[in-house]
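Atom set for the values below is all heavy atoms of this structure, side chains included, hydrogens, waters and symmetry mates excluded. None of the values given here were measured: they were computed from a predicted structure. Chain letters run A, B, ... following the sequence lines, proteins first, then strands; residues in each count from 1.
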Amino acid sequence: MMPTKNFDQRRYAQLFKQMCRIRAFERAAINAKNEGLVLGAIHPSIGQEAAAVGVCENLNKDDILLSTHRGHGHTLSKGADPSAMMLELLGKEGGNCAGKGGSMHIADFSVGMLGANGVVGANINIAVGAAHAIKLKGENKIVVCIFGDGAINRGPFLEGLNWAKVYNLPILFICEDNGYSATTHTKETTAGGGPVVRAQSLGIKAETFDGNDIITVDQAAQDYIERVKKSGPHLLHFLTYRLEGHTSTDPAAYRPDGEADGKWSNDPIARCRNLLVEDGVSAEQLDKFDNEATAEMTRVYKIARDASFPPALDAYKDVQDIGNPQTEAF
Amino acid sequence: MMPTKNFDQRRYAQLFKQMCRIRAFERAAINAKNEGLVLGAIHPSIGQEAAAVGVCENLNKDDILLSTHRGHGHTLSKGADPSAMMLELLGKEGGNCAGKGGSMHIADFSVGMLGANGVVGANINIAVGAAHAIKLKGENKIVVCIFGDGAINRGPFLEGLNWAKVYNLPILFICEDNGYSATTHTKETTAGGGPVVRAQSLGIKAETFDGNDIITVDQAAQDYIERVKKSGPHLLHFLTYRLEGHTSTDPAAYRPDGEADGKWSNDPIARCRNLLVEDGVSAEQLDKFDNEATAEMTRVYKIARDASFPPALDAYKDVQDIGNPQTEAF
Amino acid sequence: MKQMTYLEAGREGLAEMMREDTSVWALGEDLGRGGVFGQYHGLQTEFGKDRIADTPISESCILGSAVGAAMMGTRPVVEMRFSDFALCAVDELVNQAAKARYMFGGQTRVPMVVREPSGLWRSSAAQHSQSLEAWYAHIPGLVVVMPSTPADNRTLLMESIRCDDPVVYLEHKSLWDFEGPVDDGAEILPIGKARVARPGKDVTIVSWSAMFHTSMEAAEGLAAKGVDAEVIDLRTLWPWDKKTVFESVCKTGHLIVVHEAVQVGGFGAEIAASVTENVFSDLKSAPLRIGAPRIPISYAPTMEDEVRITAEQIIEKTLNRVGK
Amino acid sequence: MKQMTYLEAGREGLAEMMREDTSVWALGEDLGRGGVFGQYHGLQTEFGKDRIADTPISESCILGSAVGAAMMGTRPVVEMRFSDFALCAVDELVNQAAKARYMFGGQTRVPMVVREPSGLWRSSAAQHSQSLEAWYAHIPGLVVVMPSTPADNRTLLMESIRCDDPVVYLEHKSLWDFEGPVDDGAEILPIGKARVARPGKDVTIVSWSAMFHTSMEAAEGLAAKGVDAEVIDLRTLWPWDKKTVFESVCKTGHLIVVHEAVQVGGFGAEIAASVTENVFSDLKSAPLRIGAPRIPISYAPTMEDEVRITAEQIIEKTLNRVGK
Ligand SMILES: Cc1ncc(C[n+]2csc(CCOP(=O)(O)OP(=O)(O)O)c2C)c(N)n1
Ligand SMILES: Cc1ncc(C[n+]2csc(CCOP(=O)(O)OP(=O)(O)O)c2C)c(N)n1
Ligand SMILES: [Mg+2]
Ligand SMILES: [Mg+2]
């Protein structure tokens, strides 16, 4: 943990608020799912909020972000409107993806969030290409590409990281390591020293950090973003834990008894709260942040619940330009 | 170079002969290609023979070998009949693959040679699976999987090596590093420390050796084969040089002037010859080996030249069992 | 005779084969926990971690290693989780598995089964709902199987595992809970043989997988309108049972092919074109294909339903075609 | 007007677009040395290493990175070397490039061209000779282009680069040296429009890519036998020009579709089925498909020729069909 003498109360209060918003958004989404309002799968990131917030808070709006199937937190942190996101999760009109994507394809290009992805690891190559375009155009921004610990066993991890280094692209890879690949302990299917050592073998500087400590994440992110701007690709490995199931309906019975209970004491939001309390912020103030987040997401939930589904014929929009996708769909 | 006191003259004379046979085979094949007798592409391994011979001489017949598009030397060293191989290169009846594969798919399953491959890196996963089967069946043999320096940038390198280590499979990976990926210097497209460091990052012990010194290759292979039998996957990285073009018709004009000329002094056959001469073997004896090899491959060439093409209708054989591939091919 | 779900029948078929033949094993992600839909539930307990192998998230190695393991005399059953993820291993399937026997001149066989749960599954959107059977039917060397019933999911899986060539085995995700009799002494049809599930004289409806059930429902509706439809469950797409289909169309004069996949370039085109080429003079109307529009699959139910084929649509289009 | 080879015309088209639009760039293996067939010869000298980028042997990253680069407003031209190697990047093409615009609700476009040299090339065997255009036509979101002439290889490539959606651009390896006029003031047909290359009244022959030339040759032979064939070069498979084809078949009453790909599940089935569905009553005979048998491609010329379609075969089968 970082020395508290550097503790920037305003900043961490702000980050705390953001984490509360993510948690509240996902609680509202799970609630909606349980009520039958979300028809597809959702993959909550409860317990992993620090990595999302600590990284994204250090990005500019025009920096680019790509995420995984577990992307609500990243998308919100990057500045997306939660109503549009919730509308998307419910497949409603006004959703970011016009109801075509749902949770697994959540994206908000207007804030540089280029999409969650339903295919593990597929975002890596796409992110590398986004960074390649930035370099070609001589723009002064970076790409952040987030993936899970399971993704490092897919080919794109090798191809994408090698590529990023060969062309020296402005990209920060982030491995959010929650220990699991769906129902499997990732370590059982992963050889060698893990993402950091693999990245290093490709000439990419990489380090492991406590991903549940918001200060650590924040400072590591700041440091590494500067490094990326100076000298190309880097990788951050954040240790965290998925406090709930792989999807919202997964009871996660494959976990050793009591594992998750024990991990709640390491909840990044609770830890951040403690830091703020120690630094003199009142419990009331923190509750207020939390309640505001809950209230915001309750509003968002209601907006989404009451919205209508997109017209059926919108299914023919945005297929492709040449040829009329409706009249010539057969 | 190894101390000559351990020098086993008989053994290295034998290895010399084998290298001469590969060289002679490929010279005959290139000749046939120039005469228009070989219709597809051939990728000669002239200059890389030591890695093939030094490794394969240490394998048992029932050990398994998988190779690349540049597979003549490996296949011959594993014990394949050169006539059947030459027949295959000419697409003739009696070829190992019945004329269906050609050079790029050369294979002799009867000696455990499970195929060259037209897709760079594709043999890695297949080899890993062969090793997986050996482990499942509790058999006491190993798999050797050879690939080029260019292949380490494809996804299967990561997926296959990780897999091999996770299941602790009896497999020896060999990266034959000739410095080129077709017309490109591999180092220009390869980040980090190369195959050894990448393998190590996956928990696989790996080392680099001079691949043009037959003694070094032989001893490294012996050592690593023992290691594989004791403790699973390993990787050998052999430095070598492709003395001719990527294919037999490639003038290799992309090479810096004089590069190849200089490398001829490092020709593994010439080097082995020098060692033998130093150890007292007569030049006449060595010429005799060489001439025998040439004579053998000239015979082989003539057999292939004079053989007939397979009947057209053999095209319908070996497609699949269910359904008649000829009558129901449409 | 037992009553089982489609999912249970597949699991049962695999377990039977694994008991019968020790060279059979299965590999894929999360199989130890039963697989993502429960198709492997309990099998690791019975057969151990070697034969029900949990793998890394490495689709190309899952499929590619199976090719090598098959060449070495084992019979891997590859679980791809969603057919969409099989797109991460196409070289391994198409360039390697499908061609190895041929391109090595018969020196080897690749007896493997690639299980790919396929098709629409409510609000799974564009990357978890595809039906790509037409692709596999187009590839020489692949056998393509698409069971529609629990009984078939048991016996076709067993036959596929016994097959000495690579089989792409497409189970439909919406059928997992579908119940039906298995092992009831009924004749076991081999791969390559279609089933005339409902004899009829007025029109031939050919379908497979989930759409077979929709077609049966449509046949009931058609009966109520006085049209006696013959419904054929194709069961396997390669080889496909031309004889049964041609005979039926010769009798009825009308062909409707129904599939969930995109109509353009779908396997319905192959059937329609073959029927036309072979029994042209017996046709009373042009063979009609009913498939999905050429658009990706949406998440929102309203738009997703645009690609979903219903019994009503089949009824309406069939009535139109047979002129009633 | 200039005379150029198919290869040169493609190179010229790319160079023109790169001069016109600085967001256009190309990436692939060995491009700096001119690409494996010389299609990029000299371009790195003119445009530099950034815009003619030599890549690692990393097919999924070549294609996948292009998706990201396209989303960011550049126009990548992806060189896949052989269409067979594109099978190492199918997730990237089908799950990502083709669906991104749709599944993100129109927030982004993926303007990229995937060049895949395709088709038979003497004794290149099973992994270097495939024709898989039918696969791409089946995938919503992809545009599929198959030029047959130098003129088309220039203008269709330019149009494909201008297109705001992903285009699979299949050049035929056997046509590289084929010469013809380009930039000769002739009308430039857009993507989606077929060309009636030889008007005729007795039978419609639809083809594309290398088989178009074989069909033209067959038409000469047919003329000698008194059959006046109309030959249509389809040029693009998606969208394909139904109007032109239907009108022709309405006129001639007979349809022959010729393609090099495997006939089973080939795009010929789509054309035959569509024509039958749409102009059934104008058909004097069943549409006939001429495609390759469903076997992998052999190395030996005798066996390779079993999958090679000749003008003689087309003539014979056409005569048979039109009853002369
Ligand atoms: C290529 C691919 N294979 C398998 C899956 C199924 N799948 C979805 S999430 C997941 C686990 C991913 O683990 P990790 O990368 O650690 O991310 P986490 O879920 O832990 O956030 C799997 C296997 C997929 N979506 N894509
Ligand atoms: C997946 C794939 N991409 C590209 C090619 C084309 N190709 C054939 S050989 C080769 C170079 C391979 O380099 P390396 O692995 O070092 O082997 P070497 O040729 O040097 O023996 C390339 C790019 C291919 N066959 N397969
Ligand atoms: Mg994880
Ligand atoms: Mg090399």
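- The closest side-chain heavy-atom distance from B/L158 to A/R198 is below 4.5 Å.
- Interface remark: of the candidates B/G203, B/G192, B/P156, B/S201, B/S201 forms the most heavy-atom pairs closer than 4.5 Å to chain A.
- Other residues, nucleotides and ligands place no more than 12 heavy atoms under 6.0 Å from the CG atom of B/N140.
- Contact annotation for residues 181-190 of chain B against chain A (heavy-atom separation below 4.5 Å, listed by residue number): B/E188, B/T189, B/T190.
- In terms of non-hydrogen atom pairs under 4.5 Å with chain B, the most contact-rich of A/V196, A/N162, A/I204 is A/N162.
- A/D62 meets the salt bridge (Lys or Arg N to Asp or Glu O under 4.0 Å) test with no other residue; sequence neighbours excluded.
- Contacts between residues 148-155 of chain B and chain A, counted as heavy-atom pairs separated by less than 4.5 Å, involve B/I152, B/N153, B/R154, B/G155.
- Of all residues in residues 165-174 of chain A, those placing a non-hydrogen atom less than 4.5 angstrom from a non-hydrogen atom of chain B are A/K165, A/V166.
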